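Since the model is a prediction, treat every value here as computed from it, not as a measurement. Remember, it's 1-based here, ligands and their atoms both numbered in the order they're listed.
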Amino acid sequence: MKILITGSNGLLGQKLVEFCLAQQVPFLATSLGANRNLMCPVKNYQTLDITDEKNLFLVLKRFAPTHIIHTAAITNVDDCEINAAQCDLVNRQSVQLLAKFCAQNSCHLQLLSTDFVFDGQAGPYKETDQPNPLSVYARSKQLAEQILQSEHNLKYSIVRTILVYGFAENLSRSNLILWAKTALQSKEPIQIVDDQFRAPTWASDLAWACLRICQLNEEGIFHICGPETLSIFQIVQRIADFYQLEMAHVSKVSSAMLQQAAPRPPRTGFVLDKAQKVLGYKPHTLEQTLNLLL
Ligand SMILES: NC(=O)c1ccc[n+]([C@@H]2O[C@H](COP(=O)([O-])OP(=O)(O)OC[C@H]3O[C@@H](n4cnc5c(N)ncnc54)[C@H](OP(=O)(O)O)[C@@H]3O)[C@@H](O)[C@H]2O)c1
């Protein structure tokens, strides 16, 4: 097995590098910018813009991976709403290029996708449930999924996940848990929605599952998330309780009041039966990971 990781500077990308090193899996880490992952050896890193077709094919041919774990994406859903063309280029068109290479070279393509492919009216969702994306970001991911599903001779997996959190060096953006902990500690006033329900996912659990799918050569869709579905307000409350921080500066608001550019599904969450049965997936609880974050 030889894995090429895209988006290795991102939160999941960094955890994948950590697992590949620990399990001595040969890998090439790639990302748009210079290597910001302090753990990734220089010899294992290559700067790569996944929208640059010529260079992408050069790198892929030279490394000849057996598996690609494609985490690179524009992940800010409001940015995608505002710049739909860039979102389409990075999140959908790059997948077309990767699928073409993988089909021609017997390489397994794993795509990271999202709970946002669902409209949030009937969570928790199974892998067989029908997507109905509400935003530009969510549509770009659904279209990317469809590329994999319609490409002939392609070995693929689609890993949908939810609200990924954890700690890694030099991230380009924070995540809910780290942000909320810092905001609660600083006692600055914050507004938190109580009408969106998510199952927060510990990035290391997700990386473990991604790698496990590759090691088992499993194909198809997998739902991977944390074990509990909570409202965003409940998540922040649990963080405050765990670290013994005050909630006095936190106001409960509705999604409508926030007026974010991209619409969000109200209630997602996943049924994890398939992941548990096929992969032996056992996600950490929020409290277990808050302990680790200390
Ligand atoms: N985070 C979540 O809550 C969440 C939830 C559901 C699904 N997902 C999916 O899971 C995957 C991983 O998420 P994440 O949180 O690890 O993402 P992230 O931390 O935002 O990292 C994404 C990475 O993509 C890279 N990238 C962006 N444009 C690129 C390009 N043109 N060429 C090459 N690399 C590019 C960036 O690289 P540089 O840093 O080098 O610029 C960035 O590090 C994504 O596909 C996301 O859609 C995430």
Side-chain angles (χ1 to χ4, degrees), residues 4-18 28-37 40 45-53 55-56 59-60 68-80 83 85-95 97-98 109-118 120 125 133 135-145 148 157-179 196 198-207 209-210 222-226 232 235 262 264-265 268-270:
L4 185 136
I5 301 163
T6 70
S8 65
N9 282 329
L11 178 54
L12 173 60
Q14 293 208 28
K15 298 298 166 192
L16 285 167
V17 166
E18 200 178 313
L28 182 68
T30 70
S31 213
L32 183 61
N35 185 19
R36 300 195 308 276
N37 180 351
C40 183
Y45 187 78
Q46 167 85 56
T47 301
L48 178 65
D49 179 349
I50 47 161
T51 66
D52 176 352
E53 180 169 357
N55 198 31
L56 178 67
V59 171
L60 290 174
I68 295 175
I69 304 184
H70 182 42
T71 84
I74 300 190
T75 54
N76 183 313
V77 293
D78 294 318
D79 286 354
C80 287
N83 194 343
Q86 185 64 13
C87 172
D88 182 71
L89 181 67
V90 177
N91 291 5
R92 183 189 65 82
Q93 293 183 41
S94 69
V95 174
L97 302 177
L98 292 171
L109 178 56
Q110 181 175 97
L111 169 72
L112 266 294
S113 187
T114 168
D115 56 331
F116 278 26
V117 297
F118 298 109
Y125 290 97
S135 64
V136 170
Y137 165 79
R139 252 190 311 279
S140 74
K141 287 289 185 177
Q142 187 203 18
L143 291 170
E145 290 187 3
L148 268 59
S157 49
I158 292 166
V159 180
R160 296 189 185 130
T161 190
I162 305 177
L163 201 69
V164 184
Y165 70 96
F167 178 77
E169 299 288 345
N170 304 314
L171 289 174
S172 56
R173 64 185 196 122
S174 188
N175 51 73
L176 176 69
I177 310 291
L178 290 185
W179 171 82
Q196 289 180 32
R198 305 283 181 262
T201 309
W202 178 236
S204 299
D205 286 340
L206 175 61
C210 291
F222 284 86
H223 281 182
I224 301 292
C225 66
I232 306 290
I235 295 170
R264 269 83 166 159
T268 63
F270 288 152

| field | Euclidean distance, Ile50 CD1 relative to Asn91 CG, rounded to 0.5 Å | value |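 Rounded to the nearest 0.5 Å, the CG-CD1 separation comes out at 7.5 Å.
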| Rounded distance (nearest 0.5 Å) linking atom OG1 of Thr201 with atom CG of Leu206 |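 Thr201 OG1 to Leu206 CG: 6.5 Å, rounded to 0.5 Å.
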Between the side chain of [X] and the main-chain N/O of [Y], is any donor-acceptor distance below 3.5 Å?
X	Y	answer
Thr30	Ile5	yes
Thr71	Thr6	yes
Tyr165	Ser174	no
Asn55	Leu48	no

Any [X] heavy atom less than 4.0 Å from ligand 1:
X	result
Tyr165	no
Thr6	no
Ile74	no
Leu48	yes
Arg160	no

| Hey, does Ser31 have a side-chain heavy atom less than 4.5 Å from the side chain of Arg36? |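 They are not in side-chain contact.
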| task | With the side chain counted from C-beta on, respond yes when Cys210 and Leu16 share a heavy-atom pair under 4.5 Å apart, and no when they do not. | result |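 They are in side-chain contact.
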I need the atoms of ligand 1 closer than 4.0 Å to a non-hydrogen atom of [X], numbered in the order shown.
X	result
Tyr137	7 (C), 8 (N), 46 (C), 47 (O)
Asp49	30 (C), 31 (N), 32 (N)
Leu12	16 (O)
Gly33	38 (P), 40 (O), 41 (O)
Leu11	16 (O), 19 (O)
Leu163	3 (O), 5 (C)

Among all the protein's non-hydrogen atoms, which is closest to [atom], and how far away is it?
atom	result
atom 21 (O) of ligand 1	Gly10 CA, 3.3 Å
atom 41 (O) of ligand 1	Leu32 CB, 3.5 Å
atom 11 (C) of ligand 1	Thr71 O, 3.4 Å
atom 28 (N) of ligand 1	Val90 CG1, 3.9 Å
atom 20 (O) of ligand 1	Thr75 OG1, 2.7 Å
atom 3 (O) of ligand 1	Val164 N, 2.8 Å
atom 7 (C) of ligand 1	Ser113 O, 3.2 Å
atom 39 (O) of ligand 1	Arg36 NH2, 2.9 Å

Min N/O separation [X] to ligand 1 under 3.5 Å:
X	value
Arg173	yes
Asn9	yes
Gly13	no

| query | Where do Asp78 and Arg264 land on the salt bridge (charged side-chain N to carboxylate O under 4.0 Å, His left out) test, with the steps shown first? | reply | CA-CA 10 Å; Asp78 294 318; Arg264 269 83 166 159; 2.8 Å; yes
| field | The single option from Asp115, Val117, Thr268, Ile224 passing side chain to side chain contact (heavy atoms under 4.5 Å, CB included) against Arg160 | value |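 Checked Asp115, Val117, Thr268, Ile224 against Arg160; only one passes side chain to side chain contact (heavy atoms under 4.5 Å, CB included): Val117.
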| note | Test side chain to side chain contact (heavy atoms under 4.5 Å, CB included), reference Leu112, set Val164, Ile158, Val159, output is Val159
| request: Using the six-membered ring wherever Trp is involved, compare the ring planes of Phe116 and Tyr137 and label them parallel, tilted or perpendicular (cut-offs 30° and 60°). | output: perpendicular
| request: Under 4.0 Å, heavy atoms only, figure out whether ligand 1 is touched by the backbone of His70, its side chain, both or neither. | output: neither
| message | For Asn37 and Glu169, which I'm curious about, is there any donor-acceptor pair between the side chains at under 3.5 Å? | response |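 Judged by distance alone, the side chains do not pair up.
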| said: Can you confirm whether the side chains of Gln110 and Ser157 place a donor and an acceptor under 3.5 Å from each other? | reply: yes
